[in-house]
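Residue numbers start from 1 in every chain, and the chains themselves are labelled A, B, ... in the order their sequence lines are given, proteins ahead of strands. Because only heavy atoms are used, hydrogens play no part in the values below, and waters and symmetry mates are left out as well, while side chains stay in.
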There are 2 protein chains.
Amino acid sequence: MQEIELTHVDCADCPIRHRAVCARCEAPELDQLEEMKYYRSFEAGQTIAWTGDKLDFVATMVSGIATLSQTLEDGRTQMVGLLLPSDFMGRPGREVASYDVTATTEVVMCCFRRRPFEELMRSTPHIAQRLLEMTLDELDAAREWMLLLGRKTAREKIASLLAIIARRDASLTRGVPSGRMEFDLPLTREAMADYLGLTLETVSRQVSALKREGVIQLAGKRHVSVPDFDRLMLETGDDTDGGMPV
Amino acid sequence: MQEIELTHVDCADCPIRHRAVCARCEAPELDQLEEMKYYRSFEAGQTIAWTGDKLDFVATMVSGIATLSQTLEDGRTQMVGLLLPSDFMGRPGREVASYDVTATTEVVMCCFRRRPFEELMRSTPHIAQRLLEMTLDELDAAREWMLLLGRKTAREKIASLLAIIARRDASLTRGVPSGRMEFDLPLTREAMADYLGLTLETVSRQVSALKREGVIQLAGKRHVSVPDFDRLMLETGDDTDGGMPV
DNA sequence: CACCAATCTTGATCTCAATCAAGGTCCTCC
DNA sequence: GGAGGACCTTGATTGAGATCAAGATTGGTG
C-alpha cells in the first residue's frame, strides 16, 4: 500500500471529488478538501483492509474496482458492496473497517485523512448532506440487492448483474442504456458468485446458457456484448416499467 | 390513515425524537421540531404507503412494527427493512416511496411534514449528521442481512432472525443479551419467510426443529423464550467473537 | 515453445428447500 | 356453542442449485 505524491488537480480534472464529495463545485471548502487529499494505488487482488483493521482515511474511488465482503466462520463469503469509480469508501465516525475491502483490478483512490475530514464535515454542512445523499443511494442499492439474493433464480441473478454492470458502465460515458451494449466483466466467475450468493459453477452454467440462447455474446471469457438490452432486462425478473429510482 | 391531534410532549416523554432526530437534547432547534411534529396511527395490516405513492412526511416510529418490502413482477416479495420503535422512515429529498410500507402491528408514528423538515435540516447541520449516522447504521444492517440471504442455511436464517429480535428487544430495556431471554415474535410465519427469503412452510419446519431440540421454547405460536442466548447464537453461523459493530 | 497455474466449463450426483396437499389450532362473531 | 377464517404444522414429492470430479482454455514465464 504505497502512497502517491500529493498532487493538486483543479475541479475539472477531478470528477471524482466533484461527484462524490462536493455537490456544489464552487463551495469555498473545496480548497480545504483539495489540500487535504492524497492518492493511493493498490494492485489487482490486493487487500485494502481486513474487517477489524484500523482505517485512518476515507476515500473516493478514482479508477478500478474494489469489493466489500463479509465471511462466516466456516469461510462462506458474501460480497456486500461493489466500489466503482466515484464511489465513497469508509465511514466517518468509525475507526475500524467493518468489511474486507479488496481490489479486484488495479485501484486508485483519492484519500482524505479521517480526522481532518471529519472536522471539515462538522464545520461545513453540505458535505454531510452530500454524504447523506450518497449513503441513501447505497442503501437503495443494497435493498435492490437483497431482493435479488432472497428471491431471484440463478438465471435472473446473472441477468441482473450483467444489467447492473452494463448500465453503470454506460452511465459514465453514454446516456440511457438500450439496444446494443458492450463491456468488460470486471469480476471473475468466483467474484460474481460471491456477489450473487451462488457457486462459481452455477455462474458458469448460467452464463453459458444465456450465451447459447443469444441473450449475450462472449469474446474471450470476460468481454460481453449484449445485442439487445431490453431482451436482457426481460431475464432479470424486474418490473419492466419502473426502472431505477431517481 | 387518520391523523391524531397534535400533542406537545417534552423531551423526557419523547425518547423517539430524542434518539432518532435529536442527538443533543438541549439543542435549540428542538423547539422547531417540537412544533412541527404530529402523530399518526395505523392499524395492524394496514398499508402505510405503496411503492410510487407520494409521501409528504418523514417520521420516526413511536410504537409497533412496520416493514419495507419489494416485489417482483410475478409477486415474489422480499422484505428489505424492518421498522421498530425509534427507527426513522422516509427519505429527505425524495417525494415518492421506494418500497411498500406496511404496519404489521398497530403502529404510531411521529411525523414531520417533509418540506419544513428538509428546510430545518438544511439550516441545522447536526440533524443531517444524526440522519447520516442512522442511515449508515441501516446500511450496516442491510449488509448483514445480505450475508444472511446469500449464504446462510434455513436453520441459520431462523436462528439469526430470533437473535436479532431478541437482541433488539433487550437493548430497549435491559443491557447486554445473555442467558435466558423472552420476547414476542412480532411477525407472522409468512412475514418471517419474506424477511429471510424462504417459504412459510420452511420457516415453520425450522422453528419446530429448534423447539424440538430445546434451543427455544414456545408458548403459543408467538411467544418465544430462549433458555440460553449463546446456544442460539451458535446456530446463526456468525462469528462468535465479533458481535455487532459499534 | 513447453510448462505451469489460474481460471473457466461441463458432467454426474446429491441435498436442501420449494411445492403441493391435507389437517390442525385459535380467535372472532353470530 | 358452532361456523368461518386466519394462521400454523406436517407429510410427500419435486426440483434448482450445490457438490464432487474431470477436463479445457488462457496467459505468463523460463
Side-chain angles (χ1 to χ4, degrees), chain A residues 43-46 72 74-78 102 104-106 148-162 184-213 216-224 235 237, chain B residues 43-46 72 74-78 102-105 148-162 184-213 216-224 235 237:
Chain A
E43 36 186 88
Q46 201 181 345
L72 294 172
D74 60 3
R76 282 172 283 171
T77 84
Q78 173 66 51
T102 312
T104 64
T105 64
E106 204 192 309
L148 175 149
L149 288 171
R151 294 302 188 196
K152 287 189 177 179
T153 64
R155 184 187 177 91
E156 289 168 336
K157 286 177 174 182
I158 298 287
S160 300
L161 176 56
L162 292 175
D184 283 310
L185 270 180
L187 301 173
T188 64
R189 298 290 185 261
E190 188 180 17
M192 291 172 69
D194 284 344
Y195 185 106
L196 300 169
L198 298 170
T199 58
L200 68 90
E201 293 96 328
T202 298
V203 170
S204 182
R205 272 185 251 274
Q206 297 297 334
V207 169
S208 298
L210 289 177
K211 177 185 170 188
R212 200 178 321 122
E213 296 168 31
I216 59 172
Q217 288 147 14
L218 289 179
K221 316 266 180 199
R222 298 289 198 87
H223 190 82
V224 180
E235 299 290 343
Chain B
E43 34 186 89
Q46 202 182 344
L72 293 172
D74 60 2
R76 283 172 283 171
T77 84
Q78 174 65 51
T102 313
T104 64
T105 64
L148 176 149
L149 289 171
R151 295 301 188 195
K152 288 189 178 180
T153 64
R155 184 186 177 94
E156 289 168 337
K157 286 177 173 182
I158 298 286
S160 300
L161 176 56
L162 293 175
D184 282 310
L185 270 180
L187 301 173
T188 64
R189 298 289 185 260
E190 189 181 16
M192 291 171 69
D194 283 345
Y195 185 105
L196 300 170
L198 298 171
T199 58
L200 68 89
E201 294 96 328
T202 298
V203 170
S204 183
R205 272 185 250 274
Q206 296 298 333
V207 170
S208 298
L210 289 176
K211 178 184 169 189
R212 200 179 320 121
E213 295 167 31
I216 60 173
Q217 288 147 14
L218 289 179
K221 317 266 180 201
R222 298 290 197 86
H223 190 82
V224 180
E235 298 290 342

Integer-rounded Å distance: [N] [atom2] and [X] [atom1]:
{"X": "B/Gln206", "N": "D/dG11", "atom1": "CD", "atom2": "P", "answer": "14 Å"}
{"X": "B/Arg212", "N": "D/dT9", "atom1": "CZ", "atom2": "P", "answer": "11 Å"}
{"X": "B/Leu218", "N": "D/dC7", "atom1": "CG", "atom2": "P", "answer": "18 Å"}
{"X": "A/Lys152", "N": "D/dG17", "atom1": "NZ", "atom2": "C1'", "answer": "18 Å"}
{"X": "A/Leu149", "N": "D/dA16", "atom1": "CG", "atom2": "C1'", "answer": "16 Å"}

Check: [Y] main-chain N/O paired with [X] side-chain donor or acceptor under 3.5 Å:
{"X": "B/Lys211", "Y": "B/Gln217", "result": "no"}
{"X": "B/Ser204", "Y": "B/Leu200", "result": "no"}
{"X": "B/Gln46", "Y": "B/Glu43", "result": "yes"}

| said: So for the helix from C/dC1-D/dG30 to C/dC30-D/dG1, with five pairs setting each end axis, what is the inter-axis angle to 10°? | reply: 30°
Over all strands shown, is [X] touching base, sugar-phosphate only, or nothing at heavy-atom distances under 4.0 angstrom?
{"X": "B/Ser204", "value": "base"}
{"X": "B/Arg222", "value": "sugar-phosphate"}
{"X": "B/Arg76", "value": "nothing"}

I'd like a table of atom pairs between the protein and nucleotides 18-25 of chain D - only N or O on both sides, under 3.5 Å - with the distance next to each one.
residue	atom	partner	partner atom	Å
D/dA18	OP2	A/Thr199	N	3.4
D/dA18	OP2	A/Thr199	OG1	3.0
D/dA18	OP2	A/Thr202	OG1	2.4
D/dT19	O4	A/Arg205	NH2	2.8
D/dC20	N4	A/Glu201	OE2	3.3

Between [atom1] on residue [X] and [atom2] on residue [Y], distance to nearest 0.5 Å:
{"X": "B/Tyr195", "Y": "B/Leu161", "atom1": "OH", "atom2": "CG", "value": "5.5 Å"}
{"X": "A/Asp184", "Y": "A/Arg222", "atom1": "CG", "atom2": "CZ", "value": "8.5 Å"}
{"X": "B/Leu185", "Y": "B/Ile216", "atom1": "CG", "atom2": "CD1", "value": "8.0 Å"}
{"X": "B/Leu196", "Y": "B/Ser160", "atom1": "CG", "atom2": "OG", "value": "8.0 Å"}

| Partners of B/Arg155 by side-chain hydrogen bond (donor to acceptor under 3.5 Å, both in side chains), sequence neighbours excluded? | B/Glu213, B/Glu235
| field | Set of residues satisfying side-chain hydrogen bond (donor to acceptor under 3.5 Å, both in side chains) with respect to B/Thr199, sequence neighbours excluded | value |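 Here the qualifying residues are B/Thr202.
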| field | salt bridge (Lys or Arg N to Asp or Glu O under 4.0 Å) contacts in which one or both residues fall within residues 189-203 of chain B, not counting sequence neighbours | value |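 Qualifying pairs: A/Arg151-B/Asp194.
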| note | At a 4.0 Å cut-off to heavy atoms of chain B, the contacted part of DNA chain C spans C/dA17 to C/dC20
| query | Who pairs with A/Arg76 by salt bridge (charged side-chain N to carboxylate O under 4.0 Å, His left out), at least two apart in sequence or on another chain? | reply |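 In terms of salt bridge (charged side-chain N to carboxylate O under 4.0 Å, His left out), with neighbours along the sequence ignored, A/Arg76 is linked to A/Asp74, B/Glu156.
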